[in-house]
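These notes are about the structure you will find just below.
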Amino acid sequence: MFTSTSHADLAKAGAADVLIPLIRTVATIGFAIAPCSLGFVIVAVSEQLIRSIMVGDDPEMLMSDLQNQFPHHAIELNANDDDGLVAKVVELIERPDKALELPLDVRGTDFQMRVWDALQKVPAGTTVSYTFLAEQIGAPNAAQAVAQACAANPLAVAIPCHRAVCVSGDLAGYRWGIERKRVLLDREANV
């Protein structure tokens with residue numbers, strides 16, 4: 001699609017205000033879906049970086065969730081997993097003891113980024129409370145906000161929000177289902 005904009009329009013609106021929406025509409029997200037022990041995993045990639053990892057029971061629902069996550073992007077099936085990223089994500093799900101470096105494109109608010117960074121430092125086989133995470137990032141009264149940041153995590157397993165639990169040790173909500181959280185934690189504890 002070609003859009004014509006006059007110099008007067010650019011001066012009035014500012015070039016960035018005009019160009020950014022155009023750039024966002026042409027970005028392409030490639031995705032692939034694979035079966036795994038948690039059901040199915042969808043891996044979305046842009047510019048060789050993983051933008052999203054989600055797990056679920058229904059591949060069509062995962063594709064719908066991906067469209068909702070990236071409403072201003074072109075979404076297309078990536079038949080060639082040239083970098084083996086999908087296989088690496090499945091391997092991370094199946095063998096959490098095997099530390100893998102994944103090329104992640106992590107985007108969020110400053111607060112979310114601090115929470116997600118702290119989560120990535122939690123070793124496999126251990127859990128931490130939302131309160132502990134809040135203290136770790138310098139926001140001791142923000143346990144509920146930490147839980148919300150975990151729920152907003154776009155990169156299942158790669159950012160291990162499943163390792164965050166209640167202060168009591170009880171499992172609390174998990175974006176991809178509490179049973180999947182239990183399976184992941186049990187798997188990590190047994191490796």
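Everything numeric here is computed off the predicted structure, so don't read it as measured data.
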For the CZ atom of Arg107 and the CZ atom of Arg51, what is their distance to the nearest 0.5 Å? 3.5 Å
Can you confirm whether Val45 sits close enough to Phe31 that some side-chain heavy atom of one is under 4.5 Å from a side-chain heavy atom of the other? no
Using the side-chain hydrogen bond (donor to acceptor under 3.5 Å, both in side chains) criterion, which residues pair with Glu94? Sequence neighbours excluded. Ser37
Would you say the side chain of Ile29 lies within less than 4.5 Å of the side chain of Ser52, judging by non-hydrogen atoms? no
Going hydrophobic residue to hydrophobic residue with side-chain gaps under 4.5 angstrom, can you get from Met113 over to Ile50? yes
What pairs with Asp117 under salt bridge (charged side-chain N to carboxylate O under 4.0 Å, His left out), at least two apart in sequence or on another chain? Lys121
For Phe70, give me all partners under ring-ring contact (aromatic ring centres under 6.0 Å, His included), at least two apart in sequence or on another chain. His73
Intermediate values then yes/no, side chain to side chain contact (heavy atoms under 4.5 Å, CB included), Val86 and Asn78: CA-CA 10 Å; Val86 174; Asn78 182 4; over 6 Å; no
Within 6.0 Å of CG in Asp110, more than 12 heavy atoms from elsewhere: no
If you look at every heavy atom in Pro96 and Ala124, which pair is closest and at what distance? O-CB, 4.0 Å
Heavy atoms, side chains only, cut-off 4.5 Å: are Ile75 and Leu66 in contact? yes
Over all heavy atoms of both residues, which pair between Trp116 and Gly108 is shortest? Give the atoms and the distance, please. CZ3-CA, 3.9 Å
Verify the cluster assignment for Tyr174 and Met61: are they in a single hydrophobic cluster under the rule of side-chain heavy atoms below 4.5 Å apart? no
State whether Glu188 and Arg163 are salt-bridged, where the test is any N-O pair (Lys NZ or Arg NE/NH1/NH2 against Asp/Glu carboxylate O) under 4.0 Å. yes
d(Ile42 CD1, Ile33 CD1) to nearest 0.5 Å is 4.0 Å
Could I get the full list of side-chain hydrogen bond (donor to acceptor under 3.5 Å, both in side chains) partners for Gln120, not counting sequence neighbours? none
To which residues is Leu185 joined in a hydrophobic cluster, defined by side-chain heavy-atom contacts under 4.5 Å among Ile, Leu, Val, Met, Phe, Trp and Tyr, whether direct or through other members? Val165, Leu171, Ile178
Sequence neighbours excluded, which residues qualify as salt bridge (charged side-chain N to carboxylate O under 4.0 Å, His left out) partners of Glu179? Arg182
What's the verdict on side chain to side chain contact (heavy atoms under 4.5 Å, CB included) for Leu92 and Leu102, showing C-alpha distance, side-chain angles and the deciding distance? CA-CA 10 Å; Leu92 181 60; Leu102 295 172; 3.9 Å; yes
What donor-acceptor contacts under 3.5 angstrom involve side-chain atoms of residues 129-138, with partners at least two apart or in another chain?
from: Ser129; atom 1: OG; to: Thr131; atom 2: N; distance (Å): 3.4
from: Ser129; atom 1: OG; to: Phe132; atom 2: N; distance (Å): 2.9
from: Tyr130; atom 1: OH; to: Ala164; atom 2: O; distance (Å): 3.4
from: Tyr130; atom 1: OH; to: Lys181; atom 2: NZ; distance (Å): 3.4

Applying side-chain hydrogen bond (donor to acceptor under 3.5 Å, both in side chains), name anything that partners Arg180, two or more places apart in sequence or on another chain. Asp57
Report the distance from atom CH2 of Trp176 to atom CG of Leu62, rounding to the nearest 0.5 Å. 10.5 Å
Please output the side-chain donor-acceptor pairs of residues 141-157 that fall under 3.5 Å, not counting sequence neighbours, one pair per line with the distance.
from: Asn153; atom 1: OD1; to: Leu155; atom 2: N; distance (Å): 2.8
from: Asn153; atom 1: ND2; to: Ile159; atom 2: O; distance (Å): 2.8

How far does CZ of Arg114 sit from OG1 of Thr109, to the nearest 0.5 angstrom? 8.5 Å
Do other residues, nucleotides or ligands put more than 12 heavy atoms under 6.0 Å from Glu91 CD? yes
Contacts of Glu60 that satisfy side chain to side chain contact (heavy atoms under 4.5 Å, CB included) - sequence neighbours left out: Asp58, Met63
Sequence neighbours left out, what passes side chain to side chain contact (heavy atoms under 4.5 Å, CB included) with Val41? Give chain and number order. Ala34, Cys36, Val43, Ile53, Val55, Val89, Val90, Ile93
Would Leu77 end up clustered with Met54 when hydrophobic side chains under 4.5 Å apart are linked, directly or stepwise? yes
With Asp170 via side-chain hydrogen bond (donor to acceptor under 3.5 Å, both in side chains) - residues at least two apart: Ser168
